Amino acid sequence: MILPIVAYGDSVLRKVAHEVTAEYFKDNNLIQNMFDTMYKAHGVGLAAPQVGLDIRLFIVDVSPFADDEDLPKQAQEELRNFKKVFINPNIIKEEGDEWAFNEGCLSIPDVREDVYRKRIITVEYFDEKFQKHTETYNGLIARVIQHEYDHIEGVLFTDRLSSLKKRLLSKRLNNIMMGKINPDYKMKFPNIKK
């Protein structure tokens with residue numbers, strides 16, 4: 001089932017999400033619904049707050065990046081096969097040089113900006129079978145995980161921009177909050193008091 005994606009300005013995007021148990025997923029199709037929603041919106045990651053749930057869950061499928069012919073074949077294969085569910089994740093280490101990459105967000109349509117992040121991360125998480133993992137990732141995979149992890153911490157990629165960039169984007173962000181945009185996927189806009 002396709003879920004509406006929560007737009008910039010909704011308070012759920014600013015909450016630190018809470019952990020869940022395996023029981024939470026017992027009688028629902030949330031994870032599959034999130035994948036369906038992400039694919040419909042042409043995203044590479046989606047966090048539970050983006051569908052209105054303040055739980056520590058996000059999904060990632062970076063296979064669209066595998067089509068970049070500038071990447072080495074090994075990197076293309078790694079990206080093509082990287083699809084994961086992260087439940088109750090915790091980034092325990094970020095290392096390496098910071099590097100810029102042009103990021104966007106399904107909750108902030110048509111806004112893209114360069115964001116600096118560390119190149120390598122180590123993350124603990126549970127998968128959809130509630131098996132615990134501790135893994136290290138780098139490059140684009142690490143970046144997408146960091147972006148989605150920020151969502152469950154109540155942080156948006158726009159928070160990582162300079163104050164000048166934020167001022168320059170303020171009108172566009174207000175238009176998103178007010179629903180004055182036309183994304184090609186279903187969205188839920190915050191209730192704005194007049």
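Heavy atoms only: backbone and side chains are in, while hydrogens, waters and symmetry mates are out. Everything numeric here is computed off the predicted structure, so don't read it as measured data.
Membership of the apolar cluster around L164 extends to L168, as traced through chained side-chain contacts below 4.5 Å between ILVMFWY residues. Taking Ile, Leu, Val, Met, Phe, Trp and Tyr as hydrophobic and joining them when side-chain heavy atoms fall under 4.5 Å apart, one finds V155 isolated, its cluster having no other members.
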Check: residues 21-29 side-chain donor-acceptor pairs under 3.5 Å, at least two apart:
from : atom 1 : to  : atom 2 : distance (Å)
T21  : OG1    : E23 : N      : 3.4
N28  : OD1    : L30 : N      : 3.0
N28  : ND2    : Y24 : O      : 2.7

Run the side-chain donor-acceptor check on residues 170-178: report pairs under 3.5 Å with partners two or more places apart or on a different chain.
from : atom 1 : to   : atom 2 : distance (Å)
S170 : OG     : R167 : O      : 2.9
R172 : NH2    : D110 : O      : 2.2
N174 : ND2    : S170 : O      : 3.4

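A pairwise comparison of heavy atoms in L106 and M187 identifies O-CE, 3.6 Å as the closest pair.
Partners of E94 according to the salt bridge (Lys or Arg N to Asp or Glu O under 4.0 Å) rule, which considers only residues two or more places apart in sequence or in another chain, do not exist here. Remark: K84 engages E135 in a salt bridge (Lys or Arg N to Asp or Glu O under 4.0 Å) (not counting sequence neighbours). Residues that satisfy the salt bridge (Lys or Arg N to Asp or Glu O under 4.0 Å) test with D150, not counting sequence neighbours, are R117, R160. Every residue was checked against the side chain to side chain contact (heavy atoms under 4.5 Å, CB included) condition with N182, not counting sequence neighbours, and none meets it. Annotation: side chain to side chain contact (heavy atoms under 4.5 Å, CB included) contacts of S11 (sequence neighbours excluded): none. Partners of F58 according to the ring-ring contact (aromatic ring centres under 6.0 Å, His included) rule, which considers only residues two or more places apart in sequence or in another chain, are F86. Applying the side chain to side chain contact (heavy atoms under 4.5 Å, CB included) rule to E19 yields the partners R56, N88; only residues at least two apart in sequence or on another chain are considered. For H133, the ring-ring contact (aromatic ring centres under 6.0 Å, His included) criterion is met by Y125, not counting sequence neighbours.
The aromatic rings of F130 and F126 lie parallel to each other, their planes meeting at an angle below 30°, with 60° marking the opposite boundary.
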